[in-house]
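Worksheet: one structure, shown below.
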Protein chains: 2
Amino acid sequence: MNFRDLEYFVQLTEDRNYTKTAQHFAVSQPTITYAVKRLEAELGVPLFIRDQSHHQLDLTLAGQEFGEHAKAILQELVTAKADIVTLTQQKIRFGLPPIIGTYYFPQLAKRLIQQNLMSHLQTFEAGSATLQQQLQSGEIDVALLGTVDPIEMAQIKTITLAKTDFKIIVSPKHDLQQQTAIKFAELKKEPFITLKEGFVHPAAFRKLAAINHFEPQIAYTTPDINVLKGMVHENVGISFLTELALKDDQSVHTINLTDKNQPHFDIVLAYRPQVNPLMEKLIDELQQPINL
Amino acid sequence: MNFRDLEYFVQLTEDRNYTKTAQHFAVSQPTITYAVKRLEAELGVPLFIRDQSHHQLDLTLAGQEFGEHAKAILQELVTAKADIVTLTQQKIRFGLPPIIGTYYFPQLAKRLIQQNLMSHLQTFEAGSATLQQQLQSGEIDVALLGTVDPIEMAQIKTITLAKTDFKIIVSPKHDLQQQTAIKFAELKKEPFITLKEGFVHPAAFRKLAAINHFEPQIAYTTPDINVLKGMVHENVGISFLTELALKDDQSVHTINLTDKNQPHFDIVLAYRPQVNPLMEKLIDELQQPINL
DNA sequence: CTAACTTACGGTCTTCGTAACCATA
DNA sequence: TATGGTTACGAAGACCGTAAGTTAG
């Protein structure tokens, strides 16, 4: 059975005139005849009373009954299509800080594409602090955030996806290039290249400085991680970065910090709870373990 | 769009395995592939997540949504077919007295056939008195009844369809064959051929006799109208019949009765009121005017 | 004769099966 | 290599348009 035949039939129950219905669908009149015949053959009952003398086309009882069901079926199909369009057009406003976007998100992205979720994301790129505010004000729906301290926000649910350490990086030409671990306090004399970033690195850096009761010497501040790494490589100074941004990087030497109570760079999934299949699926997928 | 594709799809959402679904419908596996492709093309969205590393065939959100609608559509179709079968098999127990069946009903029958109603009738042939009882006891649903007096029955609705006169018939050889009207009292000396019929003719005959204070002479009683007419034709006696049974009959001569308060042969439609489209339609059709 | 539906016939688009192909475990 | 899905192609069938046929007014 064919949906087109049902449409012809339903229209015919309203027009009560084969010719008119044919014109309505811009098809030839016999097309309607055959559609009705197909339905009658499949159902095994006549749907119309074929009375030559009767100039008015009449439905049989079975025809009336079937007409109601046919309308319901067509309506259900229309609804189905409309619902799918709605689903397809649905967008999730997704906040992504640059560092996480560059070093963490790409591995998630592959999975999101496979699950047909990427096309639903409207990405907002901003620092974690800005994104926190936007999340709270409702400007975005979900965000991946980098944080030093646990996040507490009313109406916002948070899930920690990964905890990473901060590392000290130095040039291969630097004296420290043979060390694998060091205390922050030992770096009092070193000039630092720091990241001009919205939230996390400055906060962590200040925290470490406060714990160690000294004010590190800032040689230069850049918003670009590659510029920062380049300057460290050229031994303009040393720096302080999440290990996330250092994966497989051979241009600089990485040194662990041995400080107790040292800050960590946590990647947190934050969102406003919603009853929404698309959001649910996204939240679910973002929590899937990935290889850092 | 095709219902078959929907069936394939719904089954596939349960099987999560193209091959299994193909086997379920005894078709080749590519048939399922194409069915899904057709649906996806028509809806404009992927329904399944085509993950090369096929651990498990997964539905997209659109697929889940559409699956629900598809099930609803298929269920509606199943219901439609079941309802039509129920409608088709529905029977109305229909009481029909012999005289009305022979002389009145045939004209109705043509219309009932055109309206696809005849196949729903289960006819019970019996005298009007018997049918009245069966109607009241619920053994039949509708009846056409012949009556002399108005029918009063609890729970039974009655509609008079036609009023016909009783006539006197005589042989063409009989002395009265030149008369067109007569009083019943003038027939005291005549031998009557009477109808051995369930209810109406004997009752009417007794009523006329009572009004005229005499006991007519009964020459012979037969249950068969043609036998009766034959005997009248051969001048064995005269008789008394509803005009209904005399239409176009050339074998006997018909004489009107001039008595006041003479009984009439009423054709009454009687039924127990029901909320039932089929019954409604039958009652409606039976009331359509016909040419007597 | 006209209006309206049905039947006949031929062409075209759909659908399906076989078989070959591709990807993953 | 075995399992499971997709693509290619030819055959069968469904669908539709033109045109002719039928029936009632």
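In what follows, chains are A, B, ... by sequence order, proteins preceding strands, each numbered from 1.
- For the pair B:K37 and D:dG5, the criterion of a side-chain N or O lying under 4.0 Å from OP1 or OP2 is not met.
- B:F66 is linked by a ring-ring contact (aromatic ring centres under 6.0 Å, His included) to B:F9, counting only residues two or more places apart in sequence or in another chain.
- Considering only residues two or more places apart in sequence or on other chains, A:E14 meets the salt bridge (Lys or Arg N to Asp or Glu O under 4.0 Å) condition with none of them.
- For A:T33 and C:dT6, the shortest distance from a side-chain N or O to OP1 or OP2 is below 4.0 Å.
- Applying the ring-ring contact (aromatic ring centres under 6.0 Å, His included) test to every pair with at least one member in residues 266-287 of chain A, sequence neighbours left out, gives no pairs at all.
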Show the atom names and distances, to 0.1 Å, of all donor-acceptor pairs under 3.5 Å that link a side chain in residues 278-287 of chain A to residues at least two apart or in another chain.
unit_1: A:E285; atom_1: OE1; unit_2: A:R111; atom_2: NE; d: 2.6
unit_1: A:Q287; atom_1: NE2; unit_2: A:I283; atom_2: O; d: 3.3

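- Close to C:dC5, at under 4.0 Å from its OP1 or OP2, lies a side-chain N or O of A:T19.
- For the pair B:E42 CD and C:dT15 C1', the computed distance is 15 Å after rounding to whole Å.
- For B:R4, the side chain to side chain contact (heavy atoms under 4.5 Å, CB included) partners at least two apart in sequence or on another chain are B:N2, B:Y8.
- Here the closest non-hydrogen pair linking B:P106 and B:G101 is CD-O, 3.2 Å.
- Distance CG (A:L57) to P (D:dT23): 18 Å, rounded to an integer number of Å.
- Contact between the side-chain N/O atoms of A:N17 and the OP1/OP2 oxygens of C:dA3 is not found at any separation under 4.0 Å.
- A:E42 meets the salt bridge (Lys or Arg N to Asp or Glu O under 4.0 Å) test with B:K81; sequence neighbours excluded.
- One interatomic measurement links the two molecules: CD of A:Q23 to C1' of C:dC5, which rounds to 14 Å at whole-angstrom precision.
- For the ring-ring contact (aromatic ring centres under 6.0 Å, His included) test, no residue two or more places apart in sequence or in another chain qualifies with A:Y18.
- With rounding to whole Å, B:D58 atom CG is found 15 Å from D:dG4 atom C1'.
- The bend of the helix from C:dC1-D:dG25 to C:dA25-D:dT1, defined by the angle between the axes of its first five and last five pairs, stands at 20° to the nearest 10°.
- Atom CG of B:L6 is separated from atom P of C:dT15 by 12 Å (rounded to the nearest Å).
- Computed from coordinates, the B:L12 CG to D:dG4 C1' distance equals 12 Å when rounded to whole Å.
- In terms of phosphate contacts, A:R50 brings a side-chain nitrogen or oxygen within less than 4.0 Å of OP1 or OP2 of C:dT6.
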Report, as a single string ordered 5' to 3', how protein heavy atoms within less than 4.0 Å touch nucleotides 8-19 of chain D: B base, S sugar-phosphate only, - not at all. BB-----SSBBB
Working for side-chain hydrogen bond (donor to acceptor under 3.5 Å, both in side chains), residues B:T33 and B:Q29: CA-CA 7 Å; B:T33 296; B:Q29 189 275 328; 3.2 Å; yes
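- Rounded to whole angstrom, the span from the CZ atom of A:F3 across to the C1' atom of C:dT14 amounts to 17 Å.
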